[in-house]
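Structure record follows, encoded as structure tokens.
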Amino acid sequence: MSDIDDWDAVDPLWSAVDQLIELRLLNTDAALTGVIERCKSAGLPDIAVSPSQGKFLQMLAEVKGARRVLEIGTLGGYSTIHLARAVGAKGLVVSLESNVDYARIAEENIAAAGCKRQVDVRVGEALESLELLTGPFDMTFIDADKVNNIAYVEHAVRLSEKGALIVVDNAVRAGDVLDPQDESAIGTRALYEHLENHRRLEGTALQTVGDKGWDGMMILRVL
Ligand code: SAH
Ligand code: DHB
Ligand code: MG
């Protein structure tokens, strides 16, 4: 399908440009560097959003004026902290995580970053936690198991009002979303089909390259 075989292969030039972006546009942030280091030493998979993607999510939430944000897939809380910074002192981020060890590390990271009051990490299968949630949320970031992406988007719509934003990570996976055989991209591929002529959603997806390889995010708006 592509001459880049591994879906997460990184061209050194993409990383070098990410370094430029980090150096010139992202403030050096000891709290976030600490989060990355703690996640690494705890042996968490290296699948959090990149610094520039984290800032992008934070800015989307800020531009939206989001006060209540839902996140599906916490890992070590790296993206969570960006979203928590966006919602302001009285805001709330509810973040869903099935792995209890990851959730504990996330809570430590979130506390260390000074965002404890803004974040509620709920441990359990996201689909079960979602059943118990009431909205509305101004923004939802979907970044967990990809097989359930359609269900996650539909829950997000249920928990949204008109104008809410839904962002879906890993919308490209180095082109694997085009590959009907690819297990890990199949849910996202199905999501594209699900969104065609969706009554309550419109949006786009942006392809990205950088530290995380060739991937992208889907940006949806609730009608
Ligand atoms: N958003 C994070 C990265 C999330 S990685 C960041 O950018 O910093 C995906 C996370 O989803 C993992 O921690 C994984 O344990 C969690 N996850 C996978 N399947 C899940 C499920 N069914 N319910 C809840 N969480 C799930
Ligand atoms: C994987 C999951 C992610 O959410 C991501 O951003 C990168 C990789 C994974 O499961 O491999
Ligand atoms: Mg992801």
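Both counts, for ligands and for their atoms, begin at 1 and track the order of listing. All values reported here derive from a predicted model rather than from experimental measurement.
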For a 4.5 angstrom cut-off between non-hydrogen side-chain atoms, does Thr28 reach Glu22? no
Kindly confirm whether the Mg ion (ligand 3) is within less than 2.8 Å of some N/O/S atom in Asp215? no
Answer yes or no: is there a side-chain heavy-atom contact under 4.5 Å between Glu154 and Arg158? no
Could you tell me whether the side chain of Val49 reaches within less than 4.5 Å of the side chain of Phe56, counting heavy atoms only? no
Identity and separation of the nearest protein heavy atom to atom 8 (O) of ligand 1: Ser79 N, 3.1 Å
When you measure from atom 4 (O) of ligand 2 to each heavy atom in Asp169, Asp46, Val49, Asp143, which option holds the nearest one? Asp143
Determine whether a donor-acceptor pair (N or O, by modelled atom type, separation under 3.5 Å) exists between the side chain of Thr74 and the backbone of Leu96. yes
Out of Glu97, Glu71, Glu128, who gets a non-hydrogen atom closest to atom 10 (C) of ligand 1? Glu97
State the CE-CZ distance between Met139 and Arg67, to the nearest 0.5 angstrom. 13.0 Å
Counting from 1, what ligand 2 atoms have a heavy atom of Ile47 closer than 4.0 Å? 1 (C), 2 (C), 5 (C), 6 (O), 7 (C), 8 (C)
Do the non-hydrogen side-chain atoms of Ile72 and Leu130 ever get within less than 4.5 Å of each other? yes
Please write down residue, atom name and distance for the protein heavy atom closest to atom 7 (O) of ligand 1. Val49 N, 2.9 Å
How far is atom 3 (C) of ligand 1 from the closest protein heavy atom, and which atom is that? Asp143 OD2, 3.2 Å
Taking atom types as modelled, find out whether Ser98 and Glu125 have a side-chain donor-acceptor pair closer than 3.5 angstrom. no
Using a strict 4.0 Å cut-off to heavy atoms of Ala48, name the atoms of ligand 1 that fall inside it. 6 (C), 7 (O), 8 (O)
Looking only at protein heavy atoms, which one is nearest to atom 5 (S) of ligand 1, and how far off is it? Ile47 CD1, 3.6 Å
If I consider every N, O or S atom in Asp143, which one ends up closest to the Mg ion (ligand 3)? I only need its name. OD1
For a side chain to side chain donor-acceptor pair (under 3.5 Å) check, start with the C-alpha distance between Thr208 and Asp215, then their side-chain angles and the critical distance, and finish with the verdict. CA-CA 5 Å; Thr208 56; Asp215 210 325; 5.9 Å; no
Are side-chain heavy atoms of Asp18 and Ile21 found at a separation under 4.5 Å? yes
The Mg ion (ligand 3) has as its nearest N, O or S atom from Asp169 the atom OD2
Among all protein heavy atoms in this structure, tell me which lies nearest to atom 11 (O) of ligand 2, with the distance rounded to 0.1 Å. Trp7 CZ2, 3.6 Å
Does a donor on one side chain and an acceptor on the other come within less than 3.5 Å for Gln53 and His82? no
Any nitrogen or oxygen of Ala126, main chain or side chain, under 3.5 Å from a nitrogen or oxygen of ligand 1? yes
Which residue and heavy atom of the protein sit nearest atom 24 (C) of ligand 1, plus the separation: Ser98 N, 3.2 Å
Do Thr140 and Val69 come within less than 4.5 Å of each other through their side chains, counting heavy atoms only? no
Which residue and atom name correspond to the protein heavy atom nearest atom 5 (C) of ligand 2, and how close is it? Asn170 ND2, 3.1 Å
Starting from atom 10 (O) of ligand 2, find the nearest protein heavy-atom neighbour and note its residue, name and distance. Arg173 NH2, 3.7 Å
Determine whether Arg173 and Ser184 satisfy the following criterion, side chain to side chain donor-acceptor pair (under 3.5 Å), listing intermediate values before the conclusion. CA-CA 9 Å; Arg173 285 242 176 176; Ser184 71; 3.3 Å; yes
Can you tell me which portion of Asn148 lies within the under-4.0 Å heavy-atom range of ligand 1? Options are side chain, backbone, both, or neither. neither
Distance under 4.0 Å to a non-hydrogen atom of Gly124: what atoms of ligand 1 satisfy this? 23 (N), 24 (C)
Under 4.0 Å, heavy-atom basis, I'd like to know which part of Met217 is in contact with ligand 2: side chain, backbone, both or neither. neither
For Ser129 and ligand 1, answer yes if some heavy atom of the residue is under 4.0 Å from a ligand atom, otherwise no. no
Which residue and heavy atom of the protein sit nearest atom 19 (N) of ligand 1, plus the separation: Asp145 OD1, 3.3 Å
If you measure every N or O of Gly73 against every N or O of ligand 1, does any of those distances drop under 3.5 Å? yes
Is it the case that one hydrophobic cluster holds both Val168 and Val177, taking links as side-chain heavy atoms less than 4.5 Å apart, direct or via other members? yes
Under 3.5 Å between some N or O of ligand 1 and some N or O of Glu125? yes
Consider every N or O of Ala144 and every N or O of ligand 1, then say whether any pair is closer than 3.5 Å. no
Please identify which atoms of ligand 1 are closer than 4.0 Å to at least one heavy atom of Tyr102. 13 (O), 15 (O)
Any non-hydrogen atom of Lys212 lying under 4.0 Å from ligand 2? no
Heavy-atom neighbours of Arg221 CZ exceed 12 at 6.0 Å: no
Connected via hydrophobic side-chain network under 4.5 Å: Phe141 and Leu133: no
